[in-house]
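Notes follow the structure.
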Amino acid sequence: QVRLVESGGGLVQPGGSLRLSCAASGSIFSINAMGWYRQAPGKEREWVATVNSGGTTNYADSVKGRFAISRDNAKNTVYLQMNSLRPEDTAVYYCNANIRSDPRLGGYNYWGQGTQVTVSS
């Protein structure tokens, strides 16, 4: 069993910052890519950012230059530093990770339960 647990969401004023964390635990042999997605009310879930096992990062155009994704492989944790937040960043943020529990098998995509981020004055 593998579990992803997010933390760090909350209410912040426009222009403010938040840092999300997501820790993976359980039966883990290795972790490939880790990333963040978000889903705003009435909209589909969208990709935000990804960091692969080598540390290469990619971002959606809507967050590029404002958000930074990073990971701590020793802690099986991925972070999302969010700066210059805007009301349109309001959403439930979900952590995603491709995790191998068995070296003989491929990776499987796991999701966290989500953490609410609200940007409002």
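Counting begins at 1 with the first residue of the sequence.
The backbone N or O of Asn52 lies less than 3.5 Å from a partner atom in the side chain of Arg71, making a donor-acceptor pair. The main-chain N or O of Tyr93 is never found under 3.5 Å from a side-chain atom of Thr115 such that the two would form a donor-acceptor pair. In this structure, the side chain of Arg100 engages the main chain of Pro103 through a donor-acceptor pair within 3.5 Å.
Between the CG atom in Asn96 and the CD atom in Glu6 there is a gap of 10.0 Å [rounded to 0.5 Å]. Within the model, atoms OG of Ser120 and CG of Asp89 stand 12.5 Å from one another, a figure rounded to the nearest 0.5 Å. The line from CD of Gln116 to OG1 of Thr90 is 7.0 Å long, rounded to the nearest 0.5 Å. In this structure, the separation between OH on Tyr37 and CG on Leu80 is 13.0 Å, given to the nearest 0.5 Å. From Gln81, atom CD reaches atom CD1 of Ile69 across 12.0 Å, with rounding to the nearest 0.5 Å. Note: Lys64 NZ to Asn58 CG = 7.5 Å, rounded to the nearest 0.5 Å.
Counting heavy-atom neighbours within 6.0 Å of Gln1 CD, excluding the residue itself, gives a total of 12 or less.
The stretch residues 53-85 participates, sequence neighbours left out, in no disulfide (SG to SG under 2.5 Å) pair at all. Residue pairs meeting the side chain to side chain donor-acceptor pair (under 3.5 Å) criterion with at least one member in residues 102-111, sequence neighbours excluded, are Asn98-Asn109, Asp102-Arg104.
Summarising the geometry of Ser101 relative to Ser27, their closest heavy-atom pair is OG-O, 2.6 Å, with the distance given to 0.1 Å. Taking each heavy atom of Met34 and Thr77 in turn, the nearest pair found is CE-C, 4.3 Å. Nearest heavy atom pair, residue Ala97 against residue Leu4, reads N-CD1, 3.9 Å. Minimum heavy-atom separation, Ser17 to Asn83: OG-OD1, 2.9 Å.
The cluster map of Ile, Leu, Val, Met, Phe, Trp and Tyr, joined by side-chain heavy atoms under 4.5 Å apart, puts Tyr59 and Leu18 in the same cluster. The hydrophobic cluster containing Ile99 does not contain Tyr94, counting ILVMFWY residues as joined when their side-chain heavy atoms lie under 4.5 angstrom apart, directly or transitively. Val48 and Tyr79 fall into different hydrophobic clusters, where Ile, Leu, Val, Met, Phe, Trp and Tyr are joined by side-chain heavy atoms under 4.5 Å apart, directly or via other members. Cluster membership for Val92 and Val78, using ILVMFWY side-chain heavy atoms within less than 4.5 angstrom, is not shared. In the hydrophobic cluster analysis, where Ile, Leu, Val, Met, Phe, Trp and Tyr join through side-chain heavy atoms closer than 4.5 angstrom, Ile28 is grouped together with Val51.
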Might you work through the side chain to side chain contact (heavy atoms under 4.5 Å, CB included) test for Met82 and Val117, ending with a clear yes or no?
-> CA-CA 10 Å; Met82 304 184 294; Val117 171; 3.9 Å; yes
Could you walk me through whether Arg38 and Ser62 pass the side chain to side chain contact (heavy atoms under 4.5 Å, CB included) check?
-> CA-CA 12 Å; Arg38 66 186 182 185; Ser62 59; 3.5 Å; yes
Walk me through it: do Leu85 and Phe67 pass the test side chain to side chain contact (heavy atoms under 4.5 Å, CB included)?
-> CA-CA 9 Å; Leu85 282 161; Phe67 290 10; 3.8 Å; yes
